[in-house]
Amino acid sequence: MARPIYVERLINAPMEALWNATQTPDIHDRWDLRFTEIRYLPRSAPSEPQRFLYATRIGFGLRIAGEGESVGQSERNGDRTSALRFWSDDSKSLIRKGSGYWRYAPTDKGVRFITQYDYETRFGAAGRALDLAFRPLLGWATAWSFDRLRLWLERGADPSATLDRSVVHWTARATLAFIWLYHGIVPKLFAPAGEIDLAVRTGVPISLAPILVLAAAIVEVTLGLGIVALRDARLLLVVSSVLAVGLAVVTGALSPQLIAAPFQPITLGVAMVGLAAVARLADRDLPRARSCLREPPSK
């Protein structure tokens, strides 16, 4: 049986500011990556549960819609809890129905903002299999959104700006990582003859050239994986730029004919330095899903 999704983030902001940002639909959908639209439905009486509509755009002009309602709120010694249930009749939605809560627990250092929720899937066995990938992704999106909200309330970082910077930062890092991985795997491991010949032409003894190519492949693959996998890749971005410039200069000096060749090392090196600079400049106030707790703290 799948485990419920749990996310917790300490947010150093007033309780009322956090409550307003999470309980007001027009504000909620600004920071929550899971929704592109949240709208309250009118109530015929104040005692009725507050119902709402939600929707998520999934691209290509498609959207998934659903409904929900608040089923209760409570407050005790400043600790607030808001419970809700949700469902979707949209045939495109993996989620059929579910329920959960938000908890706001004040501390000396801020408010512990907590959610736990679970849901049932549709599509039978196929839906349960699909949920093996969907549930972790939904948990990640929840955690990323909680940290995005923290940056907004603590530092004034606009949610739209943090999303834009995140896209730019990770696109640059992923592209740079791909370049290192491709050059480390394809020409050096799958078809090393050309790399060995190039090493020999630059003055490397023929007996040492295969070892040098293999060592270079290991370095490039390790660098590529580190750039895309590490939480803080600032040092690797600097290393990447130094290596890119160094390889371009050395290769151009030892094999001048390559300077005029298609896709020659100088333009590649400049592009790699530019990608590293873009990734570094965009690395400011970025939400991090890993900064949230994903398991309830032990008693």
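Separation of atoms OH (Tyr54) and CZ (Phe35) is listed at 7.0 Å; rounding is to 0.5 Å. To the nearest 0.5 angstrom, Tyr40 atom OH is 5.5 Å from Ser70 atom OG. Taken from CG in Asp285 to OG in Ser166, the straight-line distance is 10.0 Å, to the nearest 0.5 Å. The OG1 atom of Thr175 lies 12.5 Å from the CH2 atom of Trp170; values are rounded to the nearest 0.5 Å. In this structure, the separation between OG on Ser74 and CG on Asp79 is 8.0 Å, given to the nearest 0.5 Å. The CG atom of Leu236 sits 8.5 Å away from the CZ atom of Arg173 when rounded to the nearest 0.5 Å.
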Going through the distances and angles, do Tyr119 and Asp131 end up as a side-chain hydrogen bond (donor to acceptor under 3.5 Å, both in side chains)?
CA-CA 10 Å; Tyr119 55 85; Asp131 194 46; 2.5 Å; yes
Show, in sequence, the C-alpha distance, side-chain angles and deciding distance for Trp87 and Glu67, and conclude whether the side-chain contact (heavy atoms from CB on, under 4.5 Å) test is met.
CA-CA 6 Å; Trp87 62 92; Glu67 299 180 48; 3.7 Å; yes
Check against side-chain contact (heavy atoms from CB on, under 4.5 Å), Arg135 and Asp118
CA-CA 10 Å; Arg135 185 174 292 256; Asp118 201 2; 2.9 Å; yes
The test is side-chain contact (heavy atoms from CB on, under 4.5 Å); show your working for Leu153 and Leu18 and say whether it passes.
CA-CA 8 Å; Leu153 296 181; Leu18 178 57; 3.9 Å; yes
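Side-chain atoms of Trp144 never come within 3.5 Å of backbone atoms of Asp32 as a donor-acceptor pair (strictly under, hydrogens ignored). Using a distance-only test at 3.5 Å, with no hydrogens or angles considered, no donor-acceptor pair links the side chain of Ser88 to the main chain of Ser93. Distance alone, capped at 3.5 Å, is enough to place a donor-acceptor pair between the Asp90 side chain and the Ala65 backbone. Checking side-chain atoms of Thr162 against main-chain N and O of Pro159 turns up a donor-acceptor pair under 3.5 Å. With hydrogens and angles disregarded, no donor-acceptor distance shorter than 3.5 Å links the side chain of Thr24 to the backbone of Ile27. Using a distance-only test at 3.5 Å, with no hydrogens or angles considered, a donor-acceptor pair links the side chain of Thr56 to the main chain of Arg34. Under a 3.5 Å cut-off, the side chain of Arg85 and the backbone N or O of Val71 do not form any donor-acceptor pair. In this structure a side-chain-to-backbone donor-acceptor pair under 3.5 Å is missing from Arg57 to Arg63. For Gln50 (side chain) and Leu41 (main-chain N/O), a donor-acceptor pair under 3.5 Å exists by modelled atom type. Here the side chain of Glu220 pairs a donor or acceptor atom with the backbone of Gly184 at under 3.5 angstrom.
Between Lys109 and Leu10 the shortest side-chain heavy-atom distance falls below 4.5 Å. Counting heavy atoms from C-beta outward, Asp29 and Thr36 have side chains that stay 4.5 Å or more apart. Taking 4.5 Å as the limit, some side-chain heavy atom of Phe86 sits within range of a side-chain heavy atom of Ile95. With contacts defined as side-chain heavy-atom distances shorter than 4.5 Å, the pair Ile179/Leu268 qualifies. Using a 4.5 Å heavy-atom threshold, the side chains of Leu176 and Leu237 count as touching. Side chains of Arg148 and Arg30 form no contact here, defined as non-hydrogen atoms less than 4.5 Å apart. In this structure the side chain of Glu37 never reaches within 4.5 angstrom of the side chain of Leu53, judged on heavy atoms. Leu138 is listed as a side-chain neighbour of Ile5, based on a closest heavy-atom distance under 4.5 Å.
Cluster annotation: Phe146 is not connected to Leu151 through the hydrophobic network of ILVMFWY side chains, with a link wherever side-chain heavy atoms come within less than 4.5 Å. Ile227 and Val273 are not part of a single hydrophobic cluster, where members link through side-chain heavy atoms under 4.5 Å apart. If you chain together hydrophobic residues whose side chains sit under 4.5 Å apart, Val278 and Val167 never meet in one group. Under the 4.5 Å side-chain heavy-atom criterion for grouping Ile, Leu, Val, Met, Phe, Trp and Tyr, Val228 is not connected to Met272 through any hydrophobic cluster. Note on Trp140 and Leu163: same hydrophobic cluster, where clusters join Ile, Leu, Val, Met, Phe, Trp and Tyr whose side-chain heavy atoms are under 4.5 Å apart, directly or indirectly.
Under 4.0 Å is where a charged nitrogen must lie from a carboxylate oxygen, and between Asp158 and Arg165 no such pair does. Taking a cutoff of 4.0 Å between a charged side-chain nitrogen and a carboxylate oxygen, Arg80 and Glu75 qualify as a salt bridge. Ion pair Asp147/Arg150 flagged as a salt bridge, since at least one NZ, NE, NH1 or NH2 atom sits closer than 4.0 Å to an Asp/Glu carboxylate oxygen. Between Asp232 and Arg290, none of the side-chain N atoms (NZ, or NE/NH1/NH2) sits under 4.0 Å from a carboxylate O, so this pair counts as no salt bridge. Between Arg128 and Glu120 there is no salt bridge, since no side-chain nitrogen of the basic residue lies less than 4.0 Å from a carboxylate oxygen of the acidic one.
Here the closest heavy-atom approach between residue Arg122 and residue Ser91 is recorded as CD-O, 4.3 Å. Heavy atoms only, all atoms of each residue included: Ala279 and His169 are closest at O-ND1, 2.7 Å. Between Leu189 and Leu214, the shortest heavy-atom contact is CD2-CD1, 3.9 Å. Closest approach of Pro296 and Gln116 over heavy atoms only: CG-OE1, 4.2 Å. The minimum heavy-atom distance between Arg9 and Ser291, with the atom names listed, is NE-OG, 3.4 Å. The heavy-atom pair separating Ala177 from Gly224 by the smallest distance is CB-O, 3.3 Å.
Atom CD1 of Ile206 has 12 or fewer neighbouring heavy atoms from other residues, nucleotides or ligands inside a 6.0 Å radius. When the shell of 6.0 Å around OH of Tyr182 is examined, it contains 12 or fewer heavy atoms from other residues, nucleotides or ligands. Within 6.0 Å of atom CZ in Arg39, 12 or fewer heavy atoms from other residues, nucleotides or ligands are found, so the atom counts as exposed in its surroundings.
One side chain, Thr115 or Trp102, offers a donor N or O that lies under 3.5 Å from an acceptor on the other. Donor-acceptor pairing under 3.5 Å is recorded for the side chains of Tyr104 and Thr22.
Partner Leu181 forms a side chain to side chain contact (heavy atoms under 4.5 Å, CB included) with one of Thr222, Val221, Val186 and no other, that one being Val221.
Here Tyr117 and Tyr101 keep their ring centres 6.0 angstrom or further from each other. Between Trp180 and His183, a ring centre-to-centre spacing not shorter than 6.0 Å is recorded.
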